[in-house]
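The structure displayed is predicted, hence computed values, not measured ones. So you know, we letter chains A, B, ... as the sequences are listed, proteins then strands, and number each from 1.
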Amino acid sequence: MKKYKKSTDLSWLDELNQAQRKAVTAYQGPSLVIAGAGSGKTKVIIYRIAYLIKVCKVTSQKILALTFTNKAANEMKSRLENFLSLSVKDIWMGTFHSIFAKILRIEGNKLGFTRNFTIYDESDQHRFIKEIIEYSGLVNKNYDPEIIKNIISKCKNKLISPDEYIESAETDFEKDIGKIYSIYNNKLWKNNALDFDDLILKPIELFSKYKDVLNKYQNKFHYILVDEYQDTNKAQHKLLKLLAEKNRNICVVGDDDQAIYSWRGAELSNIIDFEKDYPDVKIFKLEQNYRSTKNILNFAQEIVCKNKLRREKNLWTEKEEGCKINLVSLYSDKDESRFIVDKIKEEIFKNKKKLREISVFYRINSQSRTIEERLQKNNIPYIIVGGIRFYERKEIKDILAYLKIIANPRDEISLLRIINYPHRGIGKATLEKVKSFARKKGIELYRALKNSSRIQNLDKRKKTNILSFYKLIEKYRELKDKLSLTELTRCLLDETGIISLFKEEGSRESIERIENIMEFLSAISEFSRTSEKPTLENYLQEISLITDIDMWNDAEEAVSLMTLHSAKGLEFPVVFIVGVEDNLIPYIKRLENEEELEEERRLFYVGCTRAKEKLYITYAKIRNRFGNETVSLPSRFLNDIDMNLVNIIEMESSSRNDIEYRRKKEITVPKAEESFEKGQLVKHPTFGIGEIIEKSGEGEELRLLVTFEGNITKKLLVKYARLELLH
DNA sequence: GTGCTGCACCTTTTT
DNA sequence: GGTGCAGCAC
Ligand SMILES: Nc1ncnc2c1ncn2[C@@H]1O[C@H](COP(=O)(O)OP(=O)(O)OP(=O)(O)O)[C@@H](O)[C@H]1O
């Protein structure tokens, strides 16, 4: 690649087409770049930053660039650095969450928490809410923490405070949620902890309360750029509005067809509101796609243009037609994996593709397993991006919990996690006494440990146990600033005996855990070496906002496997999208309302548009889900596609064209579910006549337990079973 | 009071 | 195919 070293050399602008160049050079005032996949939106952001620095002589500290993942930010940085020879270390570039966490560390004391605050991830939140439900004194304690967590998160994304929620609550359920929400926030504060959503909310609070602070950051960030704007939420919108109010130099870039995070509170309406917020906005449309072949682009367009709620786009490419899209039908998920791995081999050996140029996308993480097994069998290097994050593994979270308490002793969730790990004779009953003591005295749990000698009717031995745990933590709190981070962690591991615990156990799983801990240790020393300020607090902050995608080294020679969501923003020469079946893409829980269904369609579109040269789409008839075999049909998104764009490969033993088959079947699916009742007789094409024993689920999910002739009992999904009612 | 084992229930996607 | 929890054995 060509490098542009001299700052007077402006020929790098020639790498942009005319529309892109317009978007790059209109650097003042509000800009909205709205364009389809692969049209160079991210490129516009990168070049705009270069333009600001090189041509407009803006100092890099004055630029704030917000991306969707840390990986995207790192990529931008390296492109600016290596290719446009810019120093990027002063640019504020990162995700909303990491940038504003950084600001909160600096300014948080104004809102009543200290700079060593803990960030609770989702499992911490879950435990936390569970704890609240148990102790909140609510009559009904049977609430599902997961549901409550989601409601609270939705509220936060929509800027609804606990008080506002309580005010509008009508049902008892809502009133209880309001109570829990309010306690939740209060307890977070007491724990000196924030959840993910707070990382956006708290800055809003900060800027609204303290105009001088707002002013400071408005003056700091003269130029704001936001990538993937279609997936921002109300809170983020508000935050941007506050920050951009003064200078109004804000450039957002997005594609409504790629909005796939509404379930996380993202609101497509932010794009429309942007035009309302800034009536003088300059709108730029990019229409040339530089990524995919004609066939791929046309196929993807055809998928997404069936959505009603979208802006019409006119995407085109100068690239060649390329291969047709391979539409592959298989009998089972096992066959699917075999097919994919065979094709990967073919791509590598015959077509001389590199492993890292190939990626496999799926709807849900659990689908990776069968493919993974097959790849292992064939000794093909692969990497799973996403799924359980490295830092979410149990053994790592346990060590992290120690480190978190050392950094922030008020963090009760981490405290509870490891107070009896490894076992030190502080069980449930003992803990209960300590907790109730803390509550009665109105003190933090950690302080209750210190004063545990004063707890009534507690065994003396237990008190000693508690106190020695307290002293252990205290010791490390003192050592924290004396030892390096690596030394501190090593000592801690030694003293707690966590590693020897696994060594003793000696099982395969334990060995794997030890390996993970070793990897964790090397990650810590890596951080100590590369970070400017390698403190415990900085380390904890960094890892709580880092994801698998961010850690993934895409230069490594390995096939990558990831969800369709994770694939957003990436590109690969060869892409496989697997499990393109109804109930998976679109996902079974998102079939009911039109908006969700459209989002599922967009998700599929995002997947297709990642492919540069070759796209395989596979679906299987039989899929193993939690040990049960389930029958699937090809995705409805494959209906009415232009057959000229696809190459149909039938790998299924019964060579029926399933798409045709599906169309026929739709007519024969019984409409009224009420028509099936216990005791009635039905006829099945394969099993013959049987009696309905049990009925469960409803709608698409309606299942019947039927005993057929010969005493064969089957659980059938009515939707697929083609049952005929006998009167 | 503590710790283990077997059972039930589920799980969409992620900063 | 995993995780969390209830109930049981020590
Ligand atoms: N003017 C151009 N000339 C050549 N290649 C380009 C040009 N603009 C963009 N590209 C290339 O097209 C590909 C897609 O660009 P980019 O990732 O910026 O698009 P995008 O609009 O952000 O895509 P998406 O929204 O689908 O993630 C990249 O490989 C990029 O280098």
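For the salt bridge (charged side-chain N to carboxylate O under 4.0 Å, His left out) test, residues two or more places apart in sequence or in another chain that qualify with A/Arg310 are A/Asp257, A/Glu312. Qualifying ring pair (Phe, Tyr, Trp, His ring centres under 6.0 Å) partners for A/Tyr229, counting only residues two or more places apart in sequence or in other chains: A/Phe274. Considering only residues two or more places apart in sequence or on other chains, A/Gln230 meets the side-chain hydrogen bond (donor to acceptor under 3.5 Å, both in side chains) condition with A/Glu228.
When the C1' atom of B/dG1 is taken as reference, atom CG of A/Asn465 falls 12 Å away, rounded to whole Å.
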Original post:
Which parts of nucleotides 4-15 of chain B does protein reach within less than 4.0 Å, heavy atoms only, written one letter per nucleotide 5' to 3' as B for base, S for sugar-phosphate only and - for none?
Top reply: S------BBBBB
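Relative ring orientation between A/Tyr616 and A/Phe576 is described as parallel, the plane-to-plane angle staying below 30° on a 0-90° scale split at 30° and 60°.
Residue A/Arg369 has a polar side-chain atom (N or O) positioned under 4.0 Å from OP1 or OP2 of C/dG2.
Spacing of C1' atoms, C/dG4 relative to B/dT13, comes out at 23 Å, to the nearest Å.
Counting any heavy atom pair closer than 4.0 Å across all strands shown, A/Glu373 reaches sugar-phosphate atoms only and no base atom.
Applying the side chain to side chain donor-acceptor pair (under 3.5 Å) rule to pairs touching residues 115-124 of chain A yields A/Thr114-A/Asn116, A/Asn116-A/Asn192, A/Thr118-A/Asn408, A/Tyr120-A/Asn191, A/Tyr120-A/Asp411, A/Asp121-A/Ser123, A/Asp121-A/Lys397, A/Glu122-A/Lys149, A/Ser123-A/Lys397, A/Asp124-A/Lys397, sequence neighbours excluded.
Stretches of at least 3 consecutive Watson-Crick or G-U wobble pairs, with each checked distance under 3.5 Å, appear in DNA chain B as B:1-9 with C:2-10.
A salt bridge between A/Glu131 and A/Arg127 is absent, with no side-chain N of the basic residue lying under 4.0 Å from a carboxylate O of the acidic one.
Under 3.5 Å, the side chains of A/Asn516 and A/Glu395 contain a donor-acceptor pair of N or O atoms. Using modelled atom types, one finds a donor on one side chain and an acceptor on the other under 3.5 Å when comparing A/Lys156 with A/Asn185.
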